[in-house]
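The structure appears right after this line, and notes come after that.
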There are 2 protein chains.
Amino acid sequence: MAPEPGRSERICCAPVADHALSAGEAHDLAAVLAALADPVRLRIFSIIASQEEICSCNLEEPLDKSQPTISHHTRKLAAAGLIVGEKRGRWTWWRAVPEQLVALGTALSLAEPVEG
Amino acid sequence: MAPEPGRSERICCAPVADHALSAGEAHDLAAVLAALADPVRLRIFSIIASQEEICSCNLEEPLDKSQPTISHHTRKLAAAGLIVGEKRGRWTWWRAVPEQLVALGTALSLAEPVEG
DNA sequence: CCATTGGATTGACATCCATCGATGTATTGA
DNA sequence: TCAATACATCGATGGATGTCAATCCAATGG
């Protein structure tokens with residue numbers, strides 16, 4: 001389901017404010033942040049994450065977006081490792097990946113208050 | 001220094017995965033995420049946040065970007081409430097706003113593991 | 001085998017955005 | 001007053017992105 005299954009989008013453990021990020025670190029972290037930096041994707045993710053699992057057919061109506069648009073956004077969220085989809089019968093069921101979200105929160109957290 | 005000083009970009013305490021975000025909540029949160037969803041801005045922020053304070057003149061060289069580009073990015077980070085600038089003499093000194101980063105991390109963290 | 005349905009893909013379009021050269025503005029120092 | 005400097009702003013440009021209509025594909029059910 002994910003377009004790039006082998007691609008490692010795992011976020012490293014280093015908090016943003018701990019040291020100056022390298023170009024590579026910034027690139028990887030920005031990719032995951034970009035996946036959430038859209039109101040529609042953020043709502044899609046919150047709907048998926050706040051439930052056990054949900055199929056795409058239940059996303060169009062509350063978000064008032066077309067089916068291709070929903071498909072486009074779920075694809076991006078999956079590519080970022082934030083959700084995973086499983087095709088059962090005719091429907092695709094989406095689940096959130098809590099580990100990736102927690103890793104993102106950790107990466108953004110201050111290691112310790114900047115000593116002033 | 002911040003282009004929209006009165007604009008409230010403060011992130012609410014509600015984690016993304018706790019409930020389905022409203023359009024307004026998603027809009028506000030996505031705006032802050034978008035500010036960090038760029039490799040150059042992420043590196044700028046990490047440089048600023050990992051030091052006490054720093055002036056813009058020390059950002060161009062390590063990032064290999066032009067002065068207008070750096071100014072453009074610092075403006076966006078400031079608009080998102082992630083950094084604040086203070087003009088002292090000829091230089092503008094930038095400091096990170098830890099509260100906003102912590103608030104972002106909180107908003108993204110899982111409130112509690114989804115009960116299966 | 002065929003109609004239906006969930007949903008991915010394609011193509012097109014409009015918009016946003018990162019980037020930089022050129023220029024403007026304010027401050028410093030001579 | 002004038003040159004130099006730090007930085008903001010403007011205008012242009014190329015690339016990325018959100019959106020949807022049209023289409024294609026796969027699975028279901030008759």
Side-chain angles (χ1 to χ4, degrees), chain A residues 1-5 21 23 26-45 47-48 53-80 82-95, chain B residues 1-5 23 26-27 29-45 47-48 53-80 82-95:
Chain A
M1 187 60 53
E4 306 173 357
L21 295 177
H27 175 275
D28 294 345
L29 183 52
V32 181
L33 286 167
L36 286 178
D38 176 88
V40 175
R41 277 199 296 275
L42 210 44
R43 298 187 72 191
I44 290 178
F45 180 79
I47 289 176
I48 295 176
E53 61 184 359
I54 193 173
C55 80
S56 300
C57 56
N58 289 328
L59 291 174
E60 297 178 35
E61 185 199 331
L63 296 174
D64 194 30
K65 293 293 174 186
S66 69
Q67 177 267 320
T69 297
I70 298 294
S71 179
H72 165 74
H73 287 309
T74 51
R75 178 189 179 91
K76 285 214 162 187
L77 286 171
L82 288 162
I83 64 175
V84 290
E86 182 189 354
K87 188 147 192 173
R88 291 204 298 269
R90 210 185 316 212
W91 294 273
T92 299
W93 294 89
W94 296 102
R95 287 184 300 105
Chain B
M1 186 61 54
E4 306 173 357
H27 176 275
L29 182 52
V32 181
L33 285 166
L36 286 177
D38 177 90
V40 175
R41 276 198 297 274
L42 211 43
R43 298 187 72 190
I44 290 178
F45 180 79
I47 290 175
I48 295 177
E53 58 183 3
I54 193 173
C55 78
S56 300
C57 56
N58 289 329
L59 291 173
E60 296 178 36
E61 185 199 331
L63 296 174
D64 195 30
K65 294 291 174 186
S66 69
Q67 177 267 320
T69 297
I70 299 294
S71 179
H72 164 75
H73 286 309
T74 51
R75 177 190 179 92
K76 287 214 161 189
L77 287 170
L82 288 161
I83 63 175
V84 290
E86 183 190 356
K87 188 145 191 173
R88 290 205 298 269
R90 207 187 321 211
W91 294 271
T92 298
W93 294 90
W94 297 101
R95 287 184 300 105

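Hydrogens, waters and symmetry mates play no part in the numbers below; they use all other heavy atoms, side chains included. Every chain is numbered from 1, with letters handed out A, B, ... down the list of sequences.
Remark: B/Arg75 is not in phosphate contact with D/dC7, judged by side-chain N or O atoms under 4.0 Å from OP1 or OP2. For the pair A/His73 and D/dT19, the criterion of a side-chain N or O lying under 4.0 Å from OP1 or OP2 is met. A sub-4.0 Å separation between OP1 or OP2 of D/dT9 and a side-chain N or O of B/Ser71 is absent.
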Enumerate, atom names and distances included, each donor-acceptor pair closer than 3.5 Å involving a side-chain atom of residues 30-45 of chain A, sequence neighbours excluded.
residue: A/Asp38; atom: OD2; partner: A/Val40; partner atom: N; Å: 2.9
residue: A/Asp38; atom: OD2; partner: A/Arg41; partner atom: N; Å: 3.1
residue: A/Arg41; atom: NE; partner: A/Ala35; partner atom: O; Å: 2.7
residue: A/Arg41; atom: NH1; partner: A/His73; partner atom: ND1; Å: 3.1
residue: A/Arg41; atom: NH2; partner: A/Ala34; partner atom: O; Å: 3.1
residue: A/Arg43; atom: NE; partner: B/Leu21; partner atom: O; Å: 3.0

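Relative to the side chain of B/Val40, the nucleotides D/dC7, C/dT19, D/dT17 differ in distance, and C/dT19 lies closest.
Partners of B/Glu53 under the salt bridge (charged side-chain N to carboxylate O under 4.0 Å, His left out) rule, at least two apart in sequence or in another chain, are B/Arg88. Residues passing the side-chain hydrogen bond (donor to acceptor under 3.5 Å, both in side chains) test with B/Ser56 are B/Trp94, sequence neighbours excluded.
Along DNA chain C, the nucleotide nearest A/Trp91 and the nucleotide nearest A/His72 are compared for position; the residue whose nucleotide lies closer to the 5' end is A/Trp91.
Summary for the helix from C/dC1-D/dG30 to C/dA30-D/dT1: the axes at its two ends, each from 5 pairs, differ by 20° when rounded to the nearest 10 degrees.
Of all the residues in residues 62-69 of chain A, A/Lys65, A/Ser66, A/Pro68, A/Thr69 reach under 4.0 Å from DNA chain D with at least one non-hydrogen atom.
Nearest approach of A/Thr92 to A/Lys87, heavy atoms of both residues: OG1-CD, 4.1 Å.
Rounded to whole angstrom, the span from the CH2 atom of B/Trp93 across to the P atom of D/dA6 amounts to 11 Å. Summarising the geometry, the separation between CZ on B/Arg41 and C1' on C/dA18 is reported as 8 Å, rounded to the nearest angstrom.
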Could you go through nucleotides 26-30 of chain C and list every protein N or O atom that sits under 3.5 Å from one of its N or O atoms, giving the distance for each pair?
none

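Judged as a side chain to side chain donor-acceptor pair (under 3.5 Å), the pairs with a partner in residues 58-67 of chain B (not counting sequence neighbours) are, in order, B/Ser66-B/Thr69.
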